[in-house]
Amino acid sequence: MKASLALVSVALAFVPSALAHYRFTSLVAGSTVTDPYVYVRQNTNYNTPVTDVTSTDLRCNVGGLASAANTSTYTVSSGETVGLALDQPIYHPGVVNVYLAKAPGNASAFDGSGSVWFKVYQLSATVSNGEYTWPDNNLGQITFPLPTALPAGQYLLRVEQIALHVAQTFGGAQFYLSCGQINVSTGGSGTPSPLVAIPGVYTGKEPGILIDIYSTATSYTQPGPAVWTG
Ligand SMILES: *[C@@H]1O[C@H](CO)[C@@H](O)[C@H](O)[C@H]1NC(C)=O
Ligand SMILES: *[C@@H]1O[C@H](CO)[C@@H](O)[C@H](O)[C@H]1NC(C)=O
Ligand SMILES: *[C@@H]1O[C@H](CO)[C@@H](O)[C@H](O)[C@H]1NC(C)=O
Ligand SMILES: [Cu+2]
């Protein structure tokens, strides 16, 4: 087993980067791009996407709960632009959702369980002349301004890109995702809603997840709850 794993690693090293998948590795705050996996929970499945929407791995990726304590928390202010950067630009057609969950204590001790997640940002597809346009094509990072009404405290910042190139069969959509850890030092007094659980938020049968993107497009329905704008 060890030998064959090593051979796979060697083979992967020679795959042109355009053919490898991509990972969300680094927290972005303002104009600062932090080092990989310092403020982002490190996953253990390299760049393999999650495809089972009922798995706990959908929350912070495979290994993302176990690496919590080894992940630092970055202090930001509400209203600041934050997000996650990738190791290489997104190239599978798809859409993006960003969720936050407030930790009861330290973000590094939070497993993100329960109905605690709310959506703060999304990039959805547009349709024109029967064709989809994918908003995230070639992006190297996903960033957005934190709502100014966001209360102070520590949060998990979860970015997912749902790649839809083989999503015409159930379980075909690929979820590329990571969780960062942020500490909102000066916040507002809003009440984020609606709150959802991850896993739980998706069935995998949503029209924006189980979809043949190569057929004639009429509309696109973004998966997940409405964005909380504060
Ligand atoms: C902890 O994270 C650092 C990067 O911040 C990494 O170099 C190190 O390997 C990690 N340790 C464990 C046990 O995962
Ligand atoms: C958060 O972590 C710090 C440093 O490890 C610790 O002193 C503090 O008690 C923790 N706070 C909570 C609410 O767990
Ligand atoms: C979070 O921010 C507050 C306010 O600036 C600060 O007192 C606290 O030490 C920070 N916590 C962490 C874990 O960075
Ligand atoms: Cu891929």
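Everything quoted here is computed from the prediction, not taken from an experiment. All residue numbers in this chain count up from 1 along the given sequence. Counting convention: from 1, in listed order, for ligands and their atoms alike.
With 3.5 Å as the limit, one finds no donor-acceptor pair spanning the side chains of Asn61 and Tyr176. In this structure, a donor-acceptor pair under 3.5 Å is absent between the side chains of Ser108 and Asn106. Between the side chains of Asn97 and Gln222, at least one donor-acceptor pair of N or O atoms lies under 3.5 Å.
Looking at His21 and the Cu ion (ligand 4) together, the shortest N, O or S contact belongs to ND1.
Atom CD1 of Ile182 and atom OH of Tyr39 lie 13.0 Å apart (nearest 0.5 Å).
Within a 4.0 Å radius of atom 10 (C) of ligand 2, the protein contributes one or more non-hydrogen atoms. There is no protein heavy atom less than 4.0 angstrom from atom 5 (O) of ligand 2.
The atoms of ligand 3 that sit less than 4.0 Å from any heavy atom of Ser185 are 2 (O), 4 (C), 5 (O). Near Gly105, meaning under 4.0 Å from any of its heavy atoms, are these atoms of ligand 2: 13 (C).
With distances taken over non-hydrogen atoms, the option nearest atom 1 (C) of ligand 3 out of Thr73, Asn183, Ile182, Asn106 is Asn183.
In terms of protein heavy-atom proximity, atom 13 (C) of ligand 3 is nearest to Gln154 NE2, 3.5 Å.
Between Tyr22 and Tyr91, the ring planes are perpendicular. Angles over 60° get that label, and only those under 30° would be called parallel.
Annotation: side chain of Gln141 is not in contact with side chain of Leu84 (no heavy-atom distance under 4.5 Å).
Residue His165: no N/O/S atom is found under 2.8 Å from the Cu ion (ligand 4).
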